[in-house]
Amino acid sequence: MKFIVEAAMSKKILILFGLISSFCLGLAQDLSFERYFHNQALRLDLYQVGDAKEEFISLHRIFLEPVWPEPLTGLIQPFDYGRYLIKVYDVASNQLIFSRGFESVFGEYRTTSPALAGVKKAMERSIRIPCPKKPVTLVIEKRNKKNIPYPFFELTIDPQDYHIIRETPACGDAVIEKQRTGDPHEKVDLVFIAEGYLSSDQEKFKTDVDRFTDYLFKVEPYRSHKDDFNIYGIFRPSVERAMDEPRQRAYKKTILNASFNAFDLDRYMLIDDNHRLREIAAQVPYDTIVVLVNSSRYGGGGIGFDYCVTTTDHPSSLQVFIHEFGHSFAYLADEYYQSEVAYNEFYPPGVEPLEPNITALLDPDNIKWKELLSPGIAIPTEYGKEKLEAWQAERRTLRQKQMEEIEGAKKAGLPEAKIKAIQEKYQAKDKEIQAKIEAVRKEYSHLADKVAAFEGAGYASKGLYRPQMYCIMGSNQRGEFCKVCQWAITKMIDFYCGRLR
Ligand SMILES: [Zn+2]
Ligand SMILES: [Zn+2]
């Protein structure tokens with residue numbers, strides 16, 4: 001009898017123990033990097049091929065990289081960012097063990113007019129996952145116009161597969177360790193990559209890395225998080241300086257094939273060789289890439305969770321960098337709406353954008369930056385938009401007229417003094433309009449520090465709203481990020497430092 005009681009008790013204890021351990025295991029299954037992954041990465045060099053209607057992905061090669069530089073926590077991404085999503089499932093258990101969102105140049109291409117007209121293109125994009133210990137199924141999902149994701153690419157990867165290329169990542173490039181503050185798993189690892197520098201320009205690249213790093217840490221919230229960053233530079237010389245400028249018919253032989261006129265927009269610069277970019281970057285542990293193009297022209301570009309690119313020597317290059325890095329690092333949207341872009345319905349009407357800093361305001365009571373709203377502020381927020389736009393339109397007409405009149409005067413061979421008189425006449429009128437614009441701005445200047453919902457954002461004058469009147473992602477009048485962008489950047493820094501779970 002005694003024996004039976006004891007046996008029953010130990011059974012109870014066993015059951016209890018079993019419950020506790022399976023509970024712990026349940027938690028561990030969600031979180032344990034070590035259970036599913038090696039501290040190494042797999043880089044998949046992909047091609048995205050298609051147009052606005054059709055798209056498919058093809059795999060070129062898989063490389064094993066020596067380090068997984070991203071945090072060991074947050075394996076399932078804590079953001080709903082990215083028009084494409086990577087999902088990795090453990091084959092043995094079917095469990096989702098890793099997810100990330102991403103953007104690509106092709107993702108932008110498919111919203112342009114040629115893509116809508118059915119012109120098919122192939123573009124490179126590399127993606128990276130932690131190296132699994134056992135076979136996994138990698139699924140790539142793409143969001144439809146309503147931002148609902150659906151799978152359209154699937155690949156089973158056996159980490160033992162000898163087709164995975166296990167060569168050294170070293171390419172013989174010069175690597176600069178600009179700042180190292182700790183373990184890559186607990187830091188944002190930023191790498192600057194040289195583009196369009198001659199071998200004699202290596203010292204200039206070093207100076208450029210210093211200059212861009214110094215500037216980054218002058219702007220909040222980066223300034224308060226300097227110690228959260230490891231910073232590297234990688235120098236590979238190009239045969240020629242700068243980049244391609246197709247409209248000027250200037251073509252330069254450079255390592256990454258950076259080119260202006262991306263999507264036929266004169267000031268938009270992107271790079272063509274994404275696979276090579278990733279191969280070069282893999283010589284250091286990196287989370288985020290900045291390409292520095294050795295040129296004094298104005299312009300740049302930024303693709304979410306891929307890279308950003310800027311020229312180095314235009315008076316506005318540092319400002320371009322901080323804006324583009326906002327896109328690539330923190331998934332920020334453009335808050336401006338008056339400049340020319342190549343996209344068609346980049347944000348379809350009636351659909352909430354994924355980015356943290358613009359909204360379609362479909363649910364004003366639950367605006368996504370609700371916690372940061374200025375108390376008692378009216379939403380949407382009147383800020384003299386109609387009046388400002390009317391004056392801005394008048395100024396544009398005036399400038400056009402001025403150009404035409406001066407051209408006419410020059411053609412007619414009028415003397416220099418007459419041309420100068422025409423210029424002065426228009427300058428006086430322009431000044432008047434500028435004063436009127438300033439007056440409207442003054443009328444609403446009490447709103448300059450308020451977080452609210454100002455209509456006009458994401459390339460749309462109507463239907464999309466931004467959190468503050470001024471921000472680096474919009475009209476950069478104050479040289480600082482709005483409070484919502486600062487919040488979103490800080491969150492991304494926290495993520496890469498393993499503080500966000
Ligand atoms: Zn932008
Ligand atoms: Zn902002």
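Numbers for residues simply follow the sequence, beginning at 1. Whatever order the structure lists ligands and atoms in, that order sets their numbers, starting from 1. Being a predicted model, the structure only gives us computed values, none of them experimental. Below, each value reflects all heavy atoms present in this structure, side chains not excepted, and no hydrogens, waters or symmetry copies.
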Carboxylate-amine/guanidinium contact Lys442 Glu438, below 4.0 Å = no
ask   = Which of the N/O/S atoms in His323 sits closest to the Zn ion (ligand 1)?
value = NE2
query = Rounded to 10°, how many degrees is the angle SG/Cys471-the Zn ion (ligand 2)-SG/Cys482?
reply = 110°
request  = Measure from the Zn ion (ligand 1) to every N/O/S atom of Asp334 and report the name of the nearest one.
outcome  = OD1
key: SB check Arg223 Glu220 (cutoff 4.0 Å)   = yes
query = Between Arg466 and Met473, is there a donor-acceptor pair closer than 3.5 Å when you use the side chain of the first and the backbone of the second?
reply = no
query = In Glu335, which N, O or S atom comes closest to the Zn ion (ligand 2)?
reply = OE2
query = Got a salt bridge between Asp51 and Lys120, using NZ or NE/NH1/NH2 to carboxylate O under 4.0 Å?
reply = yes
